[in-house]
2 protein chains.
Amino acid sequence: MKHSLETYNLFFGSLSNPNRLKILNVLRNKNLNVGEICNYTKFEQTMVSHNLKRLERCGMVFSEQKGKQRYYSLNKKTIKPLMKLIDEHMGIYCVHLIGRKI
Amino acid sequence: MKHSLETYNLFFGSLSNPNRLKILNVLRNKNLNVGEICNYTKFEQTMVSHNLKRLERCGMVFSEQKGKQRYYSLNKKTIKPLMKLIDEHMGIYCVHLIGRKI
DNA sequence: TTCATATATGAAATAAGCATCATATGATAT
DNA sequence: ATATCATATGATGCTTATTTCATATATGAA
């Protein structure tokens with residue numbers, strides 16, 4: 001491990017939340033501003049902003065101001081291979097817990 | 001995303017805990033039984049057992065009974081490339097938050 | 001079988017994380 | 001400047017996660 005446990009913890013913690021995962025998911029195909037993310041996810045604006053902030057701090061999304069709106073985009077370079085890795089892992093080791101809570 | 005948000009959440013949740021990360025860390029180089037993990041980490045036995053259980057359910061560690069002891073080993077096939085991916089990510093995008101809490 | 005050691009389990013207590021609320025900042029237009 | 005729309009922030013209450021405690025199960029030895 002190259003970095004501190006705290007840093008890894010922060011990274012993984014950012015991904016261990018269904019709402020943040022959903023936000024990442026709606027950003028997969030196109031860049032969206034906060035309002036659009038709210039529409040797609042049916043989440044409240046403040047909640048989305050809080051979660052976007054955390055995702056951005058961890059480098060999982062980027063943002064760019066365009067007029068009054070701020071557009072968010074997925075860090076595909078990290079998120080795509082990450083998801084791929086986990087999909088493969090789950091396909092092998094986690095079949096038993098698909099659909100479970102714990 | 002191939003699996004449900006809940007499943008990803010469970011996966012990442014297992015990694016977003018400093019104690020579990022520390023346990024994974026001490027398993028990097030050699031397989032250890034529960035008592036040994038406690039010694040290395042200075043964690044309590046029950047806590048270690050609870051956390052090992054969760055890690056095993058998510059396929060991050062494997063276990064094997066040997067006499068009275070149960071030995072745990074890291075799922076290197078997943079954990080190693082995962083850590084590599086994240087180290088690279090952090091090196092680029094997370095320099096600013098090294099050592100931070102949030 | 002009984003004893004000692006190793007690990008696991010369930011429930012309760014504690015801690016951490018999160019959404020929500022109220023409010024603030026920022027941007028553009030008038 | 002003020003008004004309006006878009007997004008961000010801080011604090012608080014609530015929920016979920018985690019550790020701890022007490023106890024149970026499992027394995028091997030005597």
Side-chain angles (χ1 to χ4, degrees), chain A residues 4-24 26-27 31-58 60-73 97 100-102, chain B residues 4-27 31-58 60-73 96-97 100-102:
Chain A
S4 73
L5 293 185
E6 271 306 327
T7 309
Y8 288 101
N9 191 33
L10 183 57
F11 181 92
F12 290 120
S14 297
L15 294 170
S16 69
N17 173 291
N19 296 347
R20 280 194 290 272
L21 286 170
K22 193 165 180 186
I23 291 172
L24 290 177
V26 299
L27 287 172
N31 304 353
L32 300 171
N33 63 47
V34 179
E36 291 170 331
I37 295 174
C38 292
N39 289 338
Y40 280 117
T41 57
K42 306 293 174 199
F43 293 156
E44 271 197 54
Q45 181 266 313
T46 46
M47 190 259 260
V48 169
S49 280
H50 277 298
N51 283 322
L52 283 171
K53 187 185 180 188
R54 169 133 191 199
L55 290 171
E56 189 171 24
R57 297 205 98 257
C58 293
M60 288 153 195
V61 301
F62 309 117
S63 78
E64 189 188 355
Q65 189 83 26
K66 277 184 185 167
K68 277 198 273 190
Q69 280 86 288
R70 176 165 284 264
Y71 281 79
Y72 284 86
S73 60
L97 52 74
R100 286 198 174 225
K101 291 278 176 192
I102 254 190
Chain B
S4 72
L5 293 186
E6 272 305 328
T7 309
Y8 288 102
N9 192 31
L10 184 57
F11 180 92
F12 290 119
S14 298
L15 295 171
S16 69
N17 172 291
N19 297 346
R20 281 195 290 273
L21 286 170
K22 193 165 179 185
I23 291 172
L24 291 176
N25 194 44
V26 299
L27 287 171
N31 304 353
L32 299 172
N33 63 48
V34 179
E36 291 171 331
I37 295 173
C38 292
N39 289 339
Y40 280 117
T41 58
K42 306 293 174 200
F43 293 158
E44 272 197 54
Q45 180 266 313
T46 45
M47 190 260 258
V48 169
S49 280
H50 277 298
N51 283 321
L52 281 170
K53 187 183 179 187
R54 168 134 192 198
L55 290 171
E56 189 171 23
R57 297 205 98 256
C58 292
M60 286 153 194
V61 301
F62 308 117
S63 79
E64 188 189 355
Q65 190 82 25
K66 277 184 186 168
K68 278 197 273 192
Q69 282 85 284
R70 176 166 284 265
Y71 281 80
Y72 284 85
S73 60
H96 57 289
L97 51 75
R100 285 200 175 224
K101 293 278 174 192
I102 251 188

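If you're wondering where the values come from, they're calculated on a predicted model, not measured in any experiment. Residue numbers start from 1 in every chain, and the chains themselves are labelled A, B, ... in the order their sequence lines are given, proteins ahead of strands.
Spacing between atom CZ of R54(B) and atom C1' of dT18(D) amounts to 10 Å, rounded to whole angstrom units. Residue N39(A) contributes atom CG, which lies 13 Å from atom C1' of dA6(D) at whole-angstrom precision. Counting to the nearest Å, the P atom of dC18(C) and the NZ atom of K53(A) are 14 Å from each other. Summarising the geometry, the separation between CG on L10(A) and C1' on dA16(C) is reported as 14 Å, rounded to the nearest angstrom. F12(A) has its CZ atom 15 Å from the P atom of dG17(C), to the nearest Å. Between the CG atom of L21(A) and the P atom of dC18(C) there is a distance of 11 Å, given to the nearest Å.
Residues F43(A) and N51(A) fail the side-chain proximity criterion, which asks for heavy atoms closer than 4.5 Å. The side-chain heavy atoms of L10(B) and R54(B), taken from C-beta on, include a pair separated by under 4.5 Å.
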Where along nucleotides 19-25 of chain D does protein come under 4.0 Å, by heavy atom, of base (B) or sugar-phosphate alone (S), with - for untouched nucleotides? SBBB---
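I37(B) contributes atom CD1, which lies 11.5 Å from atom CZ of R70(B) (distance to the nearest 0.5 angstrom). Considering CG of L15(A) and CG of L15(B), their distance stands at 9.5 Å, rounded to 0.5 Å. Here N33(B) contributes atom CG and Q65(B) contributes atom CD; the two are 10.0 Å apart, rounded to the nearest 0.5 Å. To the nearest 0.5 Å, the span separating CD on Q69(B) from CG on L32(B) amounts to 11.5 Å. Rounded to the nearest 0.5 Å, atoms CG (L27(A)) and OG1 (T41(A)) are 9.5 Å apart.
Between S16(B) and E56(A), the residue anchored closer to the 5' end of DNA chain D is E56(A), taking for each the nucleotide with the nearest heavy atom. In terms of position along DNA chain C, the nucleotide closest to G35(B) lies nearer the 5' end than the nucleotide closest to the other residue of the pair G35(B) and N9(A). In terms of position along DNA chain D, the nucleotide closest to Y71(A) lies nearer the 5' end than the nucleotide closest to the other residue of the pair G13(B) and Y71(A).
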Atom pairs under 3.5 Å, N or O on each side, protein against nucleotides 24-30 of chain C: can you list them with distances?
from: dA27(C); atom 1: O3'; to: G67(A); atom 2: O; distance (Å): 3.4

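Using modelled atom types, no side-chain atom of Q45(B) and backbone atom of M47(B) make a donor-acceptor pair closer than 3.5 Å.
Under 4.0 angstrom from either OP1 or OP2 of dA8(C) there lies at least one side-chain N or O belonging to R70(B). The phosphate of dA6(D) has neither OP1 nor OP2 within less than 4.0 Å of any side-chain N or O from Y72(A).
With sequence neighbours excluded, no residue forms a ring pair (Phe, Tyr, Trp, His ring centres under 6.0 Å) with Y40(B).
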